[in-house]
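Here the structure comes first, spelled out in structure tokens, and everything after it is commentary.
Each ligand, and each atom within it, is numbered from 1 in the order the structure gives.
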Amino acid sequence: MRRPLVVGNWKMHGRVAEAEALVRAIATAEVDWGRVEAAVCPPFPLIERVARGLRGSAIAWGAQDLHWEDSGAFTGDVAGPMLQDLGCTYVIIGHSERRHGHGEDNATVAHKFFAAKRNGLIPILCLGETQTERDAGRTEEVVGSQLNAISAEGYEAPFREAVIAYEPVWAIGTGRTATPEQAQQVHTWVREQIRHTDPGVADAVRLLYGGSMKEDSASELMAQPDIDGGLIGGASLKADQFIGILRAASRRD
Ligand code: PGA
């Protein structure tokens, strides 16, 4: 019922030549595209080139962030309509590297989430607790407040046409993947929260796991009933790893 989705988050990596080679490799990979959806989110300056390489393939593309306004005096920022012009399908919102590295609070993340929707982009909302928060037993409180910030804006069915990525901060880029049970536990909990506020959407919304997912761990994670794919950082920069994860997702029951 929920087709798996695998998204590559390239972060601040890649020059034009590398990006083109990577795109060529994944666009021509033998994957059962009827059983998995894929997207890559390169840095802004590479989006156009990546789009050129992916047009006509099964793979979509997106951005890693956007501003909450559609235009204005915001030096260095990029707006939703610009991403729309580039043919982006997705935009990552509230990644922990934005929340923790650039001081984005829940309110800012919520404004960006709705800016994406207003511009016809599918937001990939990232949620996740730090190690200290997990150790203190605060995972649900933290993830819940990140989720509620979206619901609290008062829009009807905010998670329709949206994707959520649970990315425990302690697992991002560390090589420490959450166990399938740990991830599933949070995913189920998130789906239940959405069921309270948005019952019509809860069963349809895709919940991705992110945090050191690799080819080796992908099958086991995605075998969990509420893990509908992955948001992949490091492993999305290596064609064979990313393709391996796509194949694992395509074999999901
Ligand atoms: P990682 O990054 O796969 O390198 O841990 C995931 C992410 O930050 O989206």
[X] near ligand 1 by a heavy-atom separation under 4.0 Å:
| X | answer |
| --- | --- |
| S212 | yes |
| G210 | no |
| K214 | no |

Check your understanding: Identify the closest protein heavy atom to atom 4 (O) of ligand 1: which residue and atom is it, and at what distance?
Key -> G234 N, 2.8 Å

Exercise for review: Specify the protein heavy atom at minimum distance from atom 7 (C) of ligand 1: its residue, its atom name, and the distance to 0.1 Å.
Suggested key: E167 OE2, 3.1 Å

Electrostatic pair [X]-[Y], nearest N-O below 4.0 angstrom:
| X | Y | result |
| --- | --- | --- |
| D228 | R191 | yes |
| R195 | D203 | yes |
| D198 | R160 | no |
| E30 | R247 | no |
| E104 | R98 | yes |
| R118 | D70 | yes |

Ligand 1 atoms in contact with [X] (distance to a heavy atom under 4.0 Å):
| X | result |
| --- | --- |
| H95 | 7 (C), 8 (O), 9 (O) |
| L231 | 6 (C), 9 (O) |
| A171 | 5 (O) |
| G211 | 5 (O) |

Check your understanding: Which is it for N9 and ligand 1 at heavy atoms under 4.0 Å: side chain, backbone, both or neither?
Key -> side chain

Check your understanding: Sequence neighbours excluded, which residues qualify as side-chain hydrogen bond (donor to acceptor under 3.5 Å, both in side chains) partners of K11?
Key -> E97

Review point. Does an N or O from E97, backbone or side chain, lie closer than 3.5 Å to an N or O of ligand 1?
Key: no

**Study point:** Selection from G173, G233, G8 by shortest heavy-atom distance to atom 5 (O) of ligand 1
**Key:** G173

Practice item. Report yes if some heavy atom in the side chain of L54 is under 4.5 Å from a heavy atom in the side chain of V40; otherwise report no. Key: yes

